Amino acid sequence: VQLQASGGGLVQAGGSLRLSCAASGRTFSSYGMGWFRQAPGKEREFVAAFSRNSDTYYADSVKGRFTISRDNGKNTVYLQMNSLKPEDTAVYYCAATGKWYTQEIYDYEYWGQGTQVTVSS
(Lines give C-alpha, C1' and ligand atoms only; values in the text may rest on other atoms or scores of the structure.)
Protein backbone atom coordinates (compact mmCIF):
# COMPACT_ATOMS: atom_id res chain seq x y z
CA VAL A 1 0.00 0.00 0.00
CA GLN A 2 1.20 3.54 -0.75
CA LEU A 3 0.49 6.41 1.61
CA GLN A 4 0.43 10.13 0.90
CA ALA A 5 0.20 12.53 3.84
CA SER A 6 -0.83 16.16 3.50
CA GLY A 7 -2.33 19.05 5.43
CA GLY A 8 0.58 20.26 7.50
CA GLY A 9 1.46 23.91 7.90
CA LEU A 10 2.19 26.77 10.25
CA VAL A 11 -0.40 27.60 12.90
CA GLN A 12 -0.49 29.64 16.09
CA ALA A 13 -0.81 27.99 19.45
CA GLY A 14 -4.44 27.16 20.15
CA GLY A 15 -5.21 26.72 16.49
CA SER A 16 -6.24 23.66 14.51
CA LEU A 17 -5.08 21.62 11.55
CA ARG A 18 -6.40 18.53 9.83
CA LEU A 19 -3.96 16.07 8.35
CA SER A 20 -4.98 13.62 5.65
CA CYS A 21 -3.41 10.35 4.60
CA ALA A 22 -4.56 8.94 1.28
CA ALA A 23 -3.87 5.26 0.68
CA SER A 24 -3.67 3.35 -2.57
CA GLY A 25 -3.15 -0.30 -3.29
CA ARG A 26 -4.56 -3.14 -1.26
CA THR A 27 -7.93 -2.82 0.46
CA PHE A 28 -7.58 0.03 2.89
CA SER A 29 -9.79 -1.50 5.54
CA SER A 30 -7.43 -4.49 5.81
CA TYR A 31 -4.89 -2.40 7.70
CA GLY A 32 -4.51 -0.88 11.09
CA MET A 33 -3.56 2.77 10.56
CA GLY A 34 -1.49 5.07 12.69
CA TRP A 35 -0.08 8.55 12.97
CA PHE A 36 3.38 9.19 14.36
CA ARG A 37 5.47 12.31 14.72
CA GLN A 38 9.12 13.22 14.99
CA ALA A 39 10.39 16.47 16.40
CA PRO A 40 13.92 17.71 15.67
CA GLY A 41 16.45 15.78 17.71
CA LYS A 42 13.86 13.38 19.07
CA GLU A 43 12.75 9.86 18.28
CA ARG A 44 9.64 9.18 16.29
CA GLU A 45 6.69 8.69 18.62
CA PHE A 46 3.19 7.31 18.49
CA VAL A 47 0.34 9.81 18.23
CA ALA A 48 -2.88 7.97 17.37
CA ALA A 49 -4.08 4.78 15.70
CA PHE A 50 -7.02 2.83 14.39
CA SER A 51 -7.31 -0.89 14.90
CA ARG A 52 -8.65 -2.91 11.99
CA ASN A 53 -12.11 -2.82 13.56
CA SER A 54 -11.79 0.97 13.93
CA ASP A 55 -11.19 1.21 17.66
CA THR A 56 -9.11 4.33 18.34
CA TYR A 57 -6.07 4.86 20.52
CA TYR A 58 -4.19 8.02 21.48
CA ALA A 59 -0.97 9.03 23.14
CA ASP A 60 -1.60 10.69 26.49
CA SER A 61 -0.04 13.90 25.22
CA VAL A 62 -2.74 14.38 22.56
CA LYS A 63 -5.77 12.76 24.17
CA GLY A 64 -8.74 15.11 24.15
CA ARG A 65 -7.13 17.39 21.55
CA PHE A 66 -6.55 15.11 18.53
CA THR A 67 -9.06 12.89 16.78
CA ILE A 68 -8.24 10.15 14.30
CA SER A 69 -10.89 9.15 11.79
CA ARG A 70 -11.07 7.19 8.57
CA ASP A 71 -13.17 7.16 5.43
CA ASN A 72 -12.90 3.70 3.91
CA GLY A 73 -14.76 4.82 0.79
CA LYS A 74 -12.06 7.41 0.12
CA ASN A 75 -9.19 5.27 1.45
CA THR A 76 -8.22 8.16 3.67
CA VAL A 77 -7.30 8.57 7.31
CA TYR A 78 -7.51 11.95 9.01
CA LEU A 79 -5.95 13.46 12.08
CA GLN A 80 -7.88 16.45 13.39
CA MET A 81 -5.61 18.44 15.68
CA ASN A 82 -7.16 21.06 17.94
CA SER A 83 -5.73 23.25 20.71
CA LEU A 84 -2.30 22.90 19.20
CA LYS A 85 0.74 23.59 21.34
CA PRO A 86 4.31 24.51 20.37
CA GLU A 87 5.41 21.07 21.59
CA ASP A 88 3.23 19.53 18.87
CA THR A 89 5.69 20.87 16.29
CA ALA A 90 7.04 17.90 14.33
CA VAL A 91 6.95 16.04 11.07
CA TYR A 92 3.83 13.89 11.12
CA TYR A 93 3.77 10.50 9.41
CA CYS A 94 0.94 8.16 8.63
CA ALA A 95 1.59 4.44 8.56
CA ALA A 96 -0.15 1.15 7.91
CA THR A 97 0.24 -2.20 9.64
CA GLY A 98 -1.00 -5.67 8.88
CA LYS A 99 -1.43 -6.20 12.61
CA TRP A 100 -4.84 -5.70 14.20
CA TYR A 101 -3.49 -2.82 16.26
CA THR A 102 -0.13 -1.64 17.53
CA GLN A 103 1.62 1.43 18.82
CA GLU A 104 5.03 0.02 17.99
CA ILE A 105 6.80 1.84 15.19
CA TYR A 106 8.56 -1.27 13.94
CA ASP A 107 5.26 -3.10 13.42
CA TYR A 108 4.21 -0.63 10.73
CA GLU A 109 5.26 -1.86 7.28
CA TYR A 110 4.17 1.09 5.18
CA TRP A 111 4.92 4.79 5.70
CA GLY A 112 3.92 8.04 4.08
CA GLN A 113 6.46 10.75 3.35
CA GLY A 114 5.61 13.01 6.30
CA THR A 115 4.08 16.45 6.56
CA GLN A 116 5.49 19.30 8.64
CA VAL A 117 3.41 20.84 11.41
CA THR A 118 4.78 23.98 13.05
CA VAL A 119 3.01 25.60 15.99
CA SER A 120 4.16 29.08 16.94
CA SER A 121 3.80 30.46 20.45
Side-chain angles (χ1 to χ4, degrees):
V1 64
Q2 295 179 324
L3 304 173
Q4 180 76 32
S6 61
L10 173 64
V11 64
Q12 289 188 331
S16 299
L17 282 174
R18 189 177 80 157
L19 306 183
S20 300
C21 177
S24 61
R26 193 178 165 188
T27 306
F28 178 68
S29 58
S30 299
Y31 293 94
M33 299 295 297
W35 284 97
F36 293 80
R37 66 186 182 187
Q38 188 166 17
K42 295 187 176 181
E43 294 186 351
R44 194 169 298 187
E45 64 177 6
F46 169 77
V47 176
F50 263 114
S51 68
R52 287 170 64 179
N53 68 343
S54 297
D55 289 336
T56 57
Y57 302 86
Y58 298 94
D60 288 342
S61 59
V62 307
K63 203 171 291 184
R65 300 188 298 123
F66 291 12
T67 303
I68 189 172
S69 61
R70 66 195 295 170
D71 184 334
N72 287 340
K74 294 183 177 180
N75 278 7
T76 301
V77 175
Y78 303 99
L79 185 69
Q80 178 66 44
M81 305 186 296
N82 297 329
S83 302
L84 282 161
K85 304 175 181 180
E87 51 263 45
D88 294 318
T89 295
V91 177
Y92 283 71
Y93 298 89
C94 61
T97 177
K99 291 185 176 292
W100 187 264
Y101 159 71
T102 177
Q103 294 187 13
E104 298 299 325
I105 290 172
Y106 300 106
D107 287 334
Y108 282 80
E109 299 97 328
Y110 306 98
W111 291 83
Q113 84 286 6
T115 185
Q116 177 71 47
V117 172
T118 303
V119 184
S120 63
S121 56

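Quick note: numbers below take in every heavy atom, side chains included, and nothing from hydrogens, waters or symmetry partners. Just so you know, these numbers come straight off a predicted model, no measurement behind them.
Looking at every heavy atom in both residues, Ile68 comes nearest to Met33 through CD1-O, 4.2 Å. Between Leu3 and Ala23, the shortest heavy-atom distance links the atoms CD2-CB, 3.6 Å. Closest approach of Gln116 to Thr118, counting heavy atoms only: NE2-OG1, 3.3 Å. Minimum heavy-atom separation, Ser120 to Leu10: CB-CD1, 4.4 Å. The two residues Val1 and Ala96 make their nearest non-hydrogen contact at CG1-CB, 4.1 Å. In terms of heavy-atom proximity, Ser83 sits nearest to Ser16 at N-OG, 4.4 Å.
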Go through Phe46 and Tyr57 one step at a time and tell me if the ring-ring contact (aromatic ring centres under 6.0 Å, His included) criterion holds.
CA-CA 10 Å; Phe46 169 77; Tyr57 302 86; 8.0 Å; no
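For the pair Arg18 and Tyr78, the cation-pi criterion (under 6.0 Å, within 45° of the ring axis) is fulfilled.
Side-chain contact between Asp55 and Tyr101: absent, with no pair of heavy atoms (C-beta onward) separated by less than 4.5 Å. Looking only at side-chain heavy atoms (C-beta outward), Asp88 and Arg65 come within less than 4.5 Å of each other. The side-chain heavy atoms of Thr97 and Glu104, taken from C-beta on, include no pair separated by under 4.5 Å.
Note that NZ of Lys99 is 4.5 Å distant from CG of Asp107, once rounded to the nearest 0.5 Å. Between the CG atom in Leu19 and the CD atom in Gln80 there is a gap of 9.0 Å [rounded to 0.5 Å]. To the nearest 0.5 Å, atoms CZ (Arg37) and OH (Tyr92) are separated by 4.0 Å. Gln113 CD to Ser6 OG: the interatomic distance, rounded to the nearest 0.5 Å, is 8.0 Å.
Remark: Gln2 CD is loosely packed, at most 12 non-hydrogen atoms of other residues, nucleotides or ligands lying under 6.0 Å away.
Tyr93 and Tyr108 have their aromatic ring centers separated by at least 6.0 angstrom.
No donor-acceptor pair under 3.5 Å is formed between the side chain of Arg52 and the backbone N or O of Gly32.
The aromatic rings of Phe36 and Trp111 lie tilted to each other, with the angle between the two planes from 30° to 60°.
Linking Ile, Leu, Val, Met, Phe, Trp and Tyr residues whenever their side-chain heavy atoms come within less than 4.5 Å places Leu17 and Tyr58 in a single cluster. Both Phe50 and Tyr110 are part of a single hydrophobic cluster, where members link through side-chain heavy atoms under 4.5 Å apart. Under the 4.5 Å side-chain heavy-atom criterion for ILVMFWY residues, no single connected hydrophobic cluster contains both Val117 and Val91.
Residues Lys63 and Asp60 are paired through a salt bridge, judged by an N-O separation under 4.0 Å between the basic side chain and the carboxylate.
Of the residues listed (Asn75, Thr56, Thr76, Val77), the one engaging Arg70 in a side-chain contact (heavy atoms from CB on, under 4.5 Å) is Val77, and it is the only one.
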